[in-house]
Amino acid sequence: MAKPVDFSVFSVLVTGSNRGIGLGLVKRFLELPCPPKWVFATTLDLEGEDNKELRELACKCPNLVVLQLDVTKLESIQATLKEVQKCVGEGGLTILYNNAGTSAFNDLQTENAKDMMRVYSVNTIGPLQMSQAFLPLLKKAARRSPCQGLSSSKAAVINMSSIGGSIELVAFWDQYQVIGYRCAKAALNMLTKCQSLEYPADGIMTVAIHPGVVKTAHNPVGFGWYVE
């Protein structure tokens, strides 16, 4: 029998975690046998109805901190960074999970600059700016970790990608063209590749993940990639 993997992290931040996969990730981290000392969940609107379950979790779990965050705005990212820094101190941030995402159901005829720029700003530029801002905290976590090599227990940037961004597969094309979403996720894949070449020097692992077919309230058909 294979030896169980020892997975323990000091702190994790999940963007877009008021519902769907983001909320599921937060719950799973909190349910771990040895949960993180700090779990940071972010949402666009702290008082929104979508945040009810997240607020209830925060009342039950003293290690869960819910923060307002708009990944498209640098001032919002910096405000979140300051709050996280207050909590983690010299321990740093172990995992940055860039999960927040959006889409517009446009095809080649209806895709437009406004929708495409909105999707790109959340799905691609957001993860870039979050990674840039939190890099010092990720470096701190990596330096303090006893782990050798690269691992999510040491320091990691995890980008929520999609099979929809695969240039080779162009999956589900007949059902959903979603041009802006595909282009943004393809760009996120390249960003992840670039980060994976640069960040290991500081002990930070970077990966992109495709979650598979996931049905959520905002993606009821579960067509093979995730829309926050």
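Just so it is clear, the values below take in all heavy atoms, side chains as well, and ignore hydrogens, waters and symmetry mates. These numbers were taken from a predicted model, which means no experiment stands behind them.
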For the side chain of [X] and the backbone of [Y], is there at least one donor-acceptor N/O pair under 3.5 Å apart?
{"X": "Thr15", "Y": "Ala100", "result": "yes"}
{"X": "Ser17", "Y": "Thr42", "result": "yes"}
{"X": "Ser131", "Y": "Pro127", "result": "yes"}
{"X": "Thr94", "Y": "Ala155", "result": "no"}
{"X": "Lys185", "Y": "Met160", "result": "yes"}
{"X": "Ser11", "Y": "Trp38", "result": "no"}
{"X": "Arg118", "Y": "Ser103", "result": "yes"}

Could you grab the distance from atom [atom1] of [X] to atom [atom2] of [Y], nearest 0.5 Å is fine?
{"X": "Leu64", "Y": "Cys59", "atom1": "CG", "atom2": "SG", "answer": "9.5 Å"}
{"X": "Lys154", "Y": "Ser152", "atom1": "NZ", "atom2": "OG", "answer": "12.0 Å"}
{"X": "Leu81", "Y": "Leu135", "atom1": "CG", "atom2": "CG", "answer": "11.0 Å"}
{"X": "Asn51", "Y": "Leu44", "atom1": "CG", "atom2": "CG", "answer": "9.0 Å"}
{"X": "Lys73", "Y": "Ser121", "atom1": "NZ", "atom2": "OG", "answer": "10.5 Å"}

List the steps, then state whether side chain to side chain donor-acceptor pair (under 3.5 Å) holds for Asn18 with Glu53.
CA-CA 8 Å; Asn18 58 305; Glu53 191 170 358; over 6 Å; no
Starting from [Y], can I reach [X] by hopping between I/L/V/M/F/W/Y residues whose side chains sit under 4.5 Å apart?
{"X": "Tyr97", "Y": "Val26", "value": "yes"}
{"X": "Ile95", "Y": "Leu137", "value": "no"}
{"X": "Val9", "Y": "Leu25", "value": "yes"}
{"X": "Leu57", "Y": "Val65", "value": "no"}

According to side-chain contact (heavy atoms from CB on, under 4.5 Å), who are the partners of [X], at least two apart in sequence or on a separate chain?
{"X": "Thr80", "value": "Leu13, Leu67, Leu69, Val84, Phe134"}
{"X": "Asn189", "value": "Ser161, Ala208"}
{"X": "Leu46", "value": "Thr43, Val66, Gln68"}

Contacts satisfying salt bridge (charged side-chain N to carboxylate O under 4.0 Å, His left out) that involve residues 126-153 (not counting sequence neighbours) are Glu90-Lys140, Lys139-Asp202
Only residue of Asn159, Ile158, Val157, Leu150 satisfying side-chain contact (heavy atoms from CB on, under 4.5 Å) with Val207 is Ile158
Partner residues of Thr72 under the side chain to side chain donor-acceptor pair (under 3.5 Å) criterion, sequence neighbours left out:
Asp70
Do [X] and [Y] touch side chain to side chain, with heavy atoms closer than 4.5 Å?
{"X": "Lys27", "Y": "Leu23", "result": "yes"}
{"X": "Tyr120", "Y": "Ile125", "result": "yes"}
{"X": "Lys86", "Y": "Glu83", "result": "yes"}
{"X": "Ile77", "Y": "Met130", "result": "yes"}
{"X": "Leu96", "Y": "Val14", "result": "no"}
{"X": "Tyr199", "Y": "Leu138", "result": "no"}
{"X": "Asn123", "Y": "Tyr181", "result": "yes"}
{"X": "Pro35", "Y": "Asn63", "result": "yes"}

Testing the basics here: between [X] and [Y], what is the closest heavy-atom pair and its distance to 0.1 Å?
{"X": "Leu32", "Y": "Pro36", "result": "CD1-CD, 4.3 Å"}
{"X": "Thr124", "Y": "Ala184", "result": "OG1-O, 2.7 Å"}
{"X": "Ile204", "Y": "Ala142", "result": "CG1-CB, 4.5 Å"}
{"X": "Gln78", "Y": "Ala133", "result": "NE2-CB, 4.0 Å"}

Verify the neighbour count for atom CD of Gln109: are there more than 12 heavy atoms of other residues, nucleotides or ligands below 6.0 Å?
no
Can you confirm whether more than 12 heavy atoms, excluding those of Gln148, are under 6.0 Å from its CD atom?
no
Quick one: name the residues clustered hydrophobically with Leu128, using the 4.5 Å side-chain heavy-atom rule over I, L, V, M, F, W, Y, and just say none if it's on its own.
Leu188, Leu191
Side chain to side chain contact (heavy atoms under 4.5 Å, CB included) assessment of Met116 paired with Val119
CA-CA 5 Å; Met116 200 163 187; Val119 172; 5.9 Å; no
Which is it for Val71 and Gln129 under the side chain to side chain contact (heavy atoms under 4.5 Å, CB included) test, yes or no, and what are the steps along the way?
CA-CA 8 Å; Val71 298; Gln129 295 186 145; over 6 Å; no
Would Phe10 and Ser145 count as a side chain to side chain contact (heavy atoms under 4.5 Å, CB included) here? Give the steps.
CA-CA 10 Å; Phe10 171 71; Ser145 174; over 6 Å; no
Evaluate the side chain to side chain contact (heavy atoms under 4.5 Å, CB included) criterion for residues Lys193 and Ser196: first the C-alpha distance (whole Å), next the side-chain angles of each, then the deciding distance (0.1 Å), finally the verdict.
CA-CA 5 Å; Lys193 180 62 176 180; Ser196 74; 3.9 Å; yes
Test log, rule side chain to side chain donor-acceptor pair (under 3.5 Å), inputs Glu111 and Asn106:
CA-CA 5 Å; Glu111 190 59 83; Asn106 297 331; 3.2 Å; yes
